[in-house]
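Just so it is clear, the structure is predicted and the values come from calculations on it, not from any experiment. Reminder, nothing fancy here: chain letters follow the sequence lines and each chain counts from 1.
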Amino acid sequence: MTEIRLCGVTKTFGKDTRPVVDGADLVIEEGQFVVLLGPSGCGKTTTLRMIAGLEKVTTGQIFFGDELVNDIPGVHRNVGMVFQNYALYPHMTVFDNLAFGLRSRSVGRGETKRLVTEILELLELDGLAERRPKELSGGQRQRVALGRALVRRPAVFLMDEPLSNLDANLREQMRMELARLHERLRITTIYVTHDQGEALTLADVVVVMERGHILQVDHPAVVYAKPRDTFVARFIGSPGMNLWTVPLGTSDGPLAAGASLRLPAGMVEGMARHGVERITLGVRPEHLQICEEPPEPARAFALQCRAEICEQLGSHGQLHGRLGPGADGAPVVARVPSDYAPARGELLWLSAPSELVHVYDAESGGRLELNDAEQPLGIEPLRTTSSAGAPRL
Amino acid sequence: MTATIAEPLAPQRSERGDEPALPTRLRHLRDQLRRVGDRLVGYGLMLPAMSVFVVFFYVPAAFLLYISFFHWGILSSATQFVGLRNFRILFAQPLFWRSLENSAYYTLVMIPATVLLALGIALLLREAFSARRGGVWRAAVFLPHVTPVVATSIIWVWIFNPHFGLANYLLTSIGLPALGWLESTRWALPAVMIDSLWHSLGLYVIIFLGGLSRVPRDLIEVASLDGARSYRIFRRIVWPLISPTTFFVVVLATVNTWQAFSQIYTMTGGPHGGAGGPAFSTTTDALLIYQTAFIYEHFSLAAAMSLIMFGIILTLTLVQKWLSDRIVFYR
C-alpha cells in the first residue's frame, strides 16, 4: 500500500499545445479508494495511465510514497491495472491469465499455483480455471481481470472504467463486489469512471475533472451536497442540478417571473463590493417540491413553472417544465411523486428550502457560501439561459 | 351446380395500399419470376469475371489434366492415350529429381526467411515510426513488390557479377572472400533467393502489419505491467495472436515460391537461352516445366510435371492446414 502524490502534473501529446491534463495536484492517501470522475476527454484516463507509467509526464512530478516515479517504468511501480475491455489474453486459460504476471516475475511453480488458487477462490472463479476468456460471461471476465491485477499483490490498484462493458444489473452487482474487495484488501485504489453512480457509491474520495483540470476533491457526499462550481453541480446528480443565471436584484417577494430567494446580507454586500452583478442559482431536482400556493418568501425559495412533460420512472416521476408563467423561460426539472401527472401547460409553484439553494458567481462559476445573516433578495429568471447553457467561466 | 371460390373475387388492396392485391397463385408466380430475374442479374454481373477465369484458368487446367495422360504435340494431330507413361518417364529422369530438390531447397530456405524478415520489418515499422512517418517507410518497403521482376532481376545480375558487382565489393570491403554468385553452382540459387526476398518481402510486410494492428495495445500494456519483457511479450502474446496471419503468409509464400520462375529465368541466363545453370543448380520445377514444354516441346511431359507440382503444393498446403488447426489461434 502506498500514498500517491501528483504535483503540478501536466500532459500534452505531440505538438498539441493544449494539455490533456493541466497542472493536476492530488494526494491519494494509503488505502484510499479514489475515483477520478468526469466526462469523456476530461483527462482522467490519461492521469491514470501516467500513474501506471504507461504515459510519460510532460511536466510535474508523481510520487509513490517518497519516491519520485516519473522515470520509473510501470513494471517497477508495482501497480495492478484493470482495463476497460478487460484485456484478457484470449489464447490463454483463466489460470494462465492469472499466472502470467507471476511467471514473468519468475515466481516458482508451486507458489504461482498457490497464489492463483487463492485468487480464484477469493473471486469465486474456482471451476473456471481451464476455460478461455471467450467461454466466460462478462461478469466472469471482469473478475478474471481483477484477479490478474490482484494476484501479484500490487501496492496500487488502478481501474479504467472496469464496469462499463457490463449490463446495468451486473454492473451494480460488481460494484458491490468491488466495494467488498476493497474493504477486505485495503489496497490504494484509483478508479476511473464517467458514471457518477459508481463514483458516489464506491469512493472514499471523488476527484471531479474537466478539460484536464481537477475541479473538486472531496468525499462523495460533499461533492453532491456542495459542488464547488457550476460544472460539478451540473455533472453530479441525475439529472444534474437546475442552474439559472440571474441578475442580482434588491426587491423582495415573488416577482412577476415567479422566483424569490433570501441571501445573507453580508454576502450581498460582499458581492456588491466585488462588482458581482449576476449570480447562478442552483437547486437539485430532488429538492424542489410542488406547492399549491407561493410560499412565504422569507422562508423558502420558490418559482413558478409551466409544466411540459412528466416522465414516469417507476419509483418517482421527473417533471420537465419552463420557468415563469411564459412558455419561453429557462428549463426546470423537478422530481415529483410517481402518481403526479400535471396537464401540459399547467402553471405550478415549486419551492425548496433556502439552505438547499446553491449560489455561484455567474462569471467564474465558483461557489458562493451563504452565512447566517439573511436579507431578502429579489431575482428575476432570465429567459435566455438554461441549466445546460449556464456559462462556464 | 355450386362453385367453390378459392380466391376472393373482390379486388383487395395490398398491404402498402397502392396496388390491388393479386390472387395467391399469380402472386407466387410473380415472386418466382422476380427471384429468377434477380438471379439472372447476379449471374450476368459475374459473367465477365467468370469468363476470364474459365477461359484462362479452368479450361487450361482441364486440358493440362487431359494431355498429361496422352502423347500430345502442339503441331501434331495424332493424340494417343499413354496412361501413366509420362509420369514413368519423369520419375526415371535425374533432372526431374534435381529440379524437385532445387525447388524444395529454394522453398525451405525462402519460407522461414520470408516470415522472419517480413515480421521483423513489420515490427520495426510498427514500433519505430508513427502512423504518419511510417507511411513513407511502408511505401518504400512495398515498392519493390510492384516493380517488374524481370527489370529488377537484371539489376540484381549486375549486383551479383563476380568481377565488378556490388555484392562482392561489399563482401571484400568487410574482409570476406568474393563469391562466384551466379557463376557458382553453390551460390547461384542463394543469389536468386536474395533477389526473390527483396522483391516479395513488401507484400508480406504489409500483411504482417495488418495482423499486428489487430493485436490490442491493451494486451501489450497489461503484459508489460505484469512484468513481461519485450521478448516474452512477443513470444507469449503477439506471436500466438498473429498466428493466423503467419499461417496465411506461409501458405501464400509456399505457393509463390514453389512456382517462382521469372527471377530464376532472368538471372540464370534465360534471355540468352541457358536458364537453370550453372550445371542445373538453379533448375527448379517451374523452370523445368517451361523448358520441357517450350524449348523441348514435350507438352505432355510438362503437363505431367505440372500435375505433380500441383500435387506437391496441395499436399504442403493441406499439411500446413492440419498443423494450423493445432497451433494457430483463431479468435
Side-chain angles (χ1 to χ4, degrees), chain A residues 13-15 45 48-49 51-55 72-93 96-107 112 132-135 144-162 165, chain B residues 115 119 123 125-137 208 210-250 320-331:
Chain A
F13 285 103
K15 290 173 184 170
T45 295
L48 189 82
R49 288 173 63 83
I51 294 170
L54 296 173
E55 299 287 352
I72 297 177
V75 61
H76 298 307
R77 293 189 190 186
N78 195 16
V79 297
M81 187 158 171
V82 179
F83 288 73
Q84 187 173 2
N85 58 0
Y86 319 132
L88 297 177
Y89 309 124
H91 55 296
M92 293 185 196
T93 61
D96 289 337
N97 263 282
L98 296 176
F100 184 81
L102 299 170
R103 289 171 182 158
S104 299
R105 289 166 193 260
S106 307
V107 176
T112 299
R132 287 193 174 173
K134 70 176 175 189
E135 296 162 339
V144 176
L146 288 173
R148 187 179 54 187
L150 285 172
V151 75
R152 288 187 288 103
R153 305 278 165 85
V156 181
F157 197 21
L158 308 172
M159 291 189 259
D160 186 7
E161 308 210 26
N165 285 349
Chain B
V115 171
L119 182 56
L123 283 169
L125 285 176
R126 186 171 186 247
E127 295 304 319
F129 301 107
S130 64
R132 206 174 53 188
R133 281 178 61 204
V136 177
W137 288 99
F208 269 123
L212 287 171
S213 71
R214 292 184 61 238
V215 178
R217 209 159 263 280
D218 283 359
L219 293 188
I220 313 287
E221 288 177 344
V222 85
S224 75
L225 288 180
D226 265 348
R229 291 178 191 280
S230 302
Y231 174 73
R232 186 170 162 79
I233 292 175
F234 175 77
R235 176 70 193 85
R236 299 300 312 266
I237 311 292
V238 177
W239 179 250
L241 292 180
I242 61 163
S243 55
T245 308
T246 311
F247 172 63
F248 177 68
V249 165
V250 167
Q320 285 163 354
K321 175 80 178 71
W322 179 80
L323 276 174
S324 87
D325 290 343
R326 278 146 191 81
I327 55 176
V328 172
F329 172 74
Y330 291 102
R331 276 199 274 178

Does the side chain of B:E221 reach to within under 4.5 Å of the side chain of A:R49, using non-hydrogen atoms?
yes

Nearest non-hydrogen partners of B:L225 and A:A52, listed with the distance
CD2-O, 3.6 Å

Do B:R217 and A:F83 form a cation-pi contact, if we require the NZ or CZ to be under 6.0 Å from the six-membered ring centre and within 45 degrees of the ring's axis?
no

I want to check something: taking the side chain as every heavy atom from C-beta on, are B:D226 and A:R148 in contact at a cut-off of under 4.5 Å?
yes

Run the side chain to side chain contact (heavy atoms under 4.5 Å, CB included) check on B:V222 and A:M81 step by step: do they pass?
CA-CA 7 Å; B:V222 85; A:M81 187 158 171; 5.5 Å; no

Name the option with the most non-hydrogen atom pairs under 4.5 Å to chain B; the candidates are A:H76, A:R132, A:Q84, A:R152.
A:R152

The interface call for A:R77 against chain B, heavy-atom contacts under 4.5 Å, is neither

Is it the case that over 12 heavy atoms from other parts of the model lie below 6.0 angstrom from the CZ atom of A:R105?
yes

Shortest non-hydrogen pair, B:S224 vs A:L54, comes out as OG-CD2, 4.4 Å

To the closest 0.5 Å, what do you measure between OH (A:Y89) and CG (B:L219)?
7.0 Å

For B:R236, is it the side chain, the backbone, both, or neither that has a heavy atom closer than 4.5 Å to a heavy atom of chain A?
both

Here the pair of heavy atoms bringing B:R232 nearest to A:S104 is NE-OG, 2.8 Å

OH (A:Y86) with more than 12 external heavy atoms under 6.0 Å:
yes

Of the non-hydrogen atoms in A:M92 and B:I237, which two are nearest, and what is the gap between them?
CE-CD1, 3.8 Å

